[in-house]
Amino acid sequence: MIEAEIPHLRRYARALLRDREAADDLVQDTMERAWRKRHLWRPHGRLRSWLFRVLYRLYLDGHPAPTRDRDKLIALDAIALDPRDRSASNHLQLHCRDVLAAMDRLSPEHRAILMLAALEQPSYRDGARMLGIRVGTFRSRLSRARQRLNELMQADEDKSALEEARG
């Protein structure tokens, strides 16, 4: 059962850290901790939620922020696009880079909840279970994370417009 959850954990860890090696280390640490703490999992509970909660807590407890090393970044061209539409592809890649740069400036908690919502698209109840928090807390944190990301993106746009006006 655990083996079936590894791709989901790996995708979430890679999105959080954007470094394949660090993400694989985080998943490995998650698997090790889950094995050591397997007696804490309730068979009537959802295994995926429990494993995500373990990964989330390990991430908050000290895994590094996303790397800025261009050689290790997960390629944005993994996004499925119609290769015939180059202008949309280039525009989307630039926008993705802007979003990733803004996400790098979010707190680990905000980055983690946004990535979980984007990648796994859980219900509020399932998302709360995955992070080991209450539903209201999940909704509130997700809302604040989205708001903060929008503020950062707007600040970046304003800064670019100002630089463009000067130059």
Side-chain angles (χ1 to χ4, degrees), residues 1-31 33-34 40-42 44-68 72-81 88-89 91-157:
M1 289 180 2
I2 288 176
E3 189 175 338
E5 301 305 330
I6 292 174
H8 299 279
L9 294 168
R10 184 172 284 138
R11 181 175 64 170
Y12 184 47
R14 286 182 177 172
L16 288 174
L17 300 172
R18 291 195 288 129
D19 179 324
R20 289 182 194 278
E21 290 175 19
D24 288 343
D25 288 346
L26 179 57
V27 171
Q28 178 66 32
D29 292 348
T30 300
M31 292 292 101
R33 175 147 319 160
L40 298 175
W41 179 65
R42 295 180 213 125
H44 63 276
R46 294 187 178 155
L47 180 61
R48 181 178 296 177
S49 295
W50 185 67
L51 291 171
F52 268 79
R53 187 171 32 245
V54 171
L55 184 142
Y56 173 71
R57 291 206 173 122
L58 284 170
Y59 166 73
L60 291 181
D61 286 345
H63 278 274
T67 182
R68 297 191 200 302
K72 292 184 179 178
L73 285 179
I74 294 173
L76 290 174
D77 58 354
I79 298 170
L81 294 171
S89 173
H91 178 72
L92 182 59
Q93 285 187 357
L94 290 174
H95 182 69
C96 286
R97 284 193 180 114
D98 293 344
V99 170
L100 290 173
M103 289 194 74
D104 283 349
R105 298 192 318 262
L106 290 174
S107 69
E109 292 87 358
H110 284 164
R111 187 172 38 254
I113 204 162
L114 278 175
M115 287 297 184
L116 179 66
L119 296 174
E120 293 297 313
Q121 299 177 352
S123 66
Y124 289 132
R125 175 179 283 155
D126 289 342
R129 246 188 238 130
M130 288 174 161
L131 300 182
I133 57 179
R134 294 180 180 198
V135 174
T137 303
F138 181 86
R139 291 175 67 152
S140 174
R141 285 184 188 173
L142 182 57
S143 176
R144 285 192 310 259
R146 287 175 175 157
Q147 181 180 359
R148 181 66 182 137
L149 181 62
N150 284 333
E151 289 168 359
L152 290 169
M153 294 294 297
Q154 186 61 50
D156 289 347
E157 287 177 21

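Everything quoted here is computed from the prediction, not taken from an experiment.
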Closest non-hydrogen contact found for Met130 with Pro122 is SD-CB, 4.3 Å
Is it true that Arg14 and Asp24 make a salt bridge, defined as a side-chain N closer than 4.0 Å to a carboxylate O? yes
*Can you check side chain to side chain contact (heavy atoms under 4.5 Å, CB included) on Ile2 and Glu5, steps first, answer last?*
CA-CA 5 Å; Ile2 288 176; Glu5 301 305 330; 5.7 Å; no
In terms of heavy-atom contacts, Ala15 and Leu119 come closest through CB-CD1, 3.3 Å
Is there side-chain contact between Leu106 and Arg148, with at least one heavy-atom pair below 4.5 Å? yes
CG (Leu55) and CH2 (Trp50) are apart, to the nearest 0.5 Å, by 12.0 Å
(Q) Between Arg111 and Tyr59, is the side chain to side chain contact (heavy atoms under 4.5 Å, CB included) condition met? List the steps. (A) CA-CA 11 Å; Arg111 187 172 38 254; Tyr59 166 73; 2.9 Å; yes
d(Asp156 CG, Leu152 CG) to nearest 0.5 Å is 6.5 Å
| Got Leu51 and His8 here, is their nearest side-chain heavy-atom distance under 4.5 Å? | no
When every non-hydrogen atom of Arg125 is compared with those of Val135, the smallest separation belongs to CA-CG2, 3.9 Å
Listed pairs under 3.5 Å, donor-acceptor, residues 137-147 side chains, sequence neighbours left out:
residue	atom	partner	partner atom	Å
Ser140	OG	Arg144	NH1	2.6
Gln147	NE2	Glu151	OE2	3.4

Minimal heavy-atom distance between Leu60 and Pro108, with the atoms involved, is CD2-CB, 3.7 Å
To the nearest 0.5 Å, atom CE of Met103 lies from atom CG of Asp98 at 13.5 Å
message = What I'd like to find out is whether the side chain of Arg33 reaches to under 4.5 Å of the side chain of Asp29, using heavy atoms alone.
response = no
For Ala102 and Leu149 the tightest heavy-atom approach is CB-CD1, 3.6 Å
The reported gap from CZ in Arg46 to CZ in Arg53 (rounded to nearest 0.5 angstrom) is 11.5 Å
| query | Taking C-beta and beyond as the side chain, do Arg11 and Glu120 meet within less than 4.5 Å on heavy atoms? | reply | yes
When every non-hydrogen atom of Ser49 is compared with those of Asp126, the smallest separation belongs to OG-O, 4.2 Å
Quiz prompt | Working for side chain to side chain contact (heavy atoms under 4.5 Å, CB included), residues Met153 and His95 | solution = CA-CA 10 Å; Met153 294 294 297; His95 182 69; 4.0 Å; yes
Value for CD (Glu157) from CD (Gln154), rounded to nearest 0.5 Å, stands at 5.0 Å
Rounded to the nearest 0.5 angstrom, the OH-CG distance for Tyr56 and Leu131 is 5.5 Å
